[in-house]
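Counting starts at 1 for both ligands and their atoms, in listed order. Just so it is clear, the values below take in all heavy atoms, side chains as well, and ignore hydrogens, waters and symmetry mates. The model shown is predicted, which means the values in this text are computed figures rather than measured ones.
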Amino acid sequence: MIQTIETSRDSVIDRRCFLTVMAAAGVSAIPGAQEFTCAAEEVKADSPHAPLSFPGLILREHSPLNLEFPFPTLNGSIVSNHRFFVRNHFPIPKTELSSWRLKVEGNVQKERDLTYEALRKLPSKTVEATLECAGNSRGFLVPKAKGVAWELGAVGNAKWTGVPLSTILEHAGIGEGTVEVILEGADSGEINDDPKSPGPIHFARSLPLKKAQSPEVLIAYQMNGEDLPPEHGFPVRAVVSGWYGMASVKWLSRIRLTKTPYRGYWQTMSYTVWERDAGLPTSVPIRDIQVKAEIARPCLREIVPAGAEYRIFGAAWAGENKVATVEVSTDAGKTWTAAKFASADVPFSWRLWETHWKVPNEPGSYRLMAKATDNQGRTQTATHNRDHGGYLIHHMLPIDVEVRRV
Ligand SMILES: Nc1nc2c(c(=O)[nH]1)N[C@H]1C(S)=C(S)[C@@H](COP(=O)(O)O)O[C@H]1N2
Ligand SMILES: [Mo]
């Protein structure tokens, strides 16, 4: 039985993927491979806004709302707004545009209180950029890591429109000795799991001044040509192109310039990794996105017809760098073939790739892998770096499929 189901305005999921996953329950597990769902689920969010529904996304957490993009449904460079993954730590804050202000304060020449209207009148630009959650693919880690068990879809690519952060900083006047720019969101709450927060806190992250002044960092109010949806930061969010998602603070309400590095919860108690300096592990806030390729199709445990020609495709990204090559293996990494790029080379954005696989006549289990290398010569490793805990999961992710005579 092969049929297609409409999952949203712009996507069709091949039902085989779904059925394969269902069948997988009875299939003996292959070490190193985990299951993920290609199936779409209707989600009703308990946000302060009108009931939202997210057909075509995978529910990871209800409150706060966390939704995953079903990566096997990838069908172009841009992920539309209603299919873009959602990663929240607190309830979505409600905003009245008339009373909304963006504060620019701290080590500035003149403090500013920007209205939405004033912000929208400033010179704007559009940047296409890939946003990947630092915990994307955590669900594949063995042993399991603490946190949302994302599979392949805590990543997306969109066109963001707004005012460069550098324009706003200049407007206020950067004070002498400024080292960092703190971005604070309007959302808040208390973290009761360890490490606990010191009571209610806002979501906030800082950028070194150099990154804050880079042209790819936006204070965005539009996503793919539409005003930001509530769950993606309405009315205004940061888009820190090239950095993991946590830097792109949503519901932005305050920008604070400081003369000392910020040591807030979201960059000391979470979203940090260990780096080793002369044998001394030191905790550092997570920054730029690492090189990674993901296979969209086939999906895990998909049944692939023996002897067929199959188009393996996916996306690859490299943060502030460029993807130089993508290679694909259909024999668990013994041999590799160069994939072809299937979309343009856009800075800070993922690049689609594809390769045609002459599926063997021999039925059985086959392990597919993709490996991207960036223009700095950095490539993906076979295993996860344990110093990175549940973050920066960018090793080669195996996709095991079943070749069958049909
Ligand atoms: N204010 C605020 N900003 C936030 C978050 C948040 O919880 N609150 N989550 C961050 C994380 S961890 C990620 S991965 C991205 C996700 O952006 P998206 O939900 O638009 O995909 O937003 C970031 N910005
Ligand atoms: Mo994230």
Output every pair passing ring-ring contact (aromatic ring centres under 6.0 Å, His included) with a member in residues 185-226, not counting sequence neighbours, ordered by first then second residue.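 ring-ring contact (aromatic ring centres under 6.0 Å, His included) check on residues 185-226 returns H89-F203, F203-W266.
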Under the salt bridge (Lys or Arg N to Asp or Glu O under 4.0 Å) criterion, do R367 and D331 qualify, and how do the steps go? CA-CA 6 Å; R367 172 163 289 187; D331 55 9; over 6 Å; no
Shell of residues surrounding ligand 1, defined by a 4.0 angstrom heavy-atom cut-off that is strict: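 Within 4.0 Å of ligand 1, protein side: F84, F85, V86, R87, N88, H89, L131, C133, G185, D187, F203, H232, R237, G245, M246, S248, V249, K250, W251, Y271.
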Taking side chain as C-beta onward, heavy atoms only, is F69 less than 4.5 Å from V79?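 They are in contact (side-chain heavy atoms under 4.5 Å apart), so the answer is yes.
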With distance as the sole test, does S206 use its side chain to make a donor-acceptor pair with the main-chain N or O of E180 at under 3.5 Å?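 Absent.
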Validation row, ring centre W160 to ring centre F84 under 6.0 Å: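 Yes, the ring of W160 comes within the 6.0 Å limit of the ring of F84, centre to centre.
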Is NZ or CZ of R351 both nearer than 6.0 Å to the six-membered ring centre of F341 and within 45° of the ring axis?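 The answer is yes; both the distance and angle limits are met.
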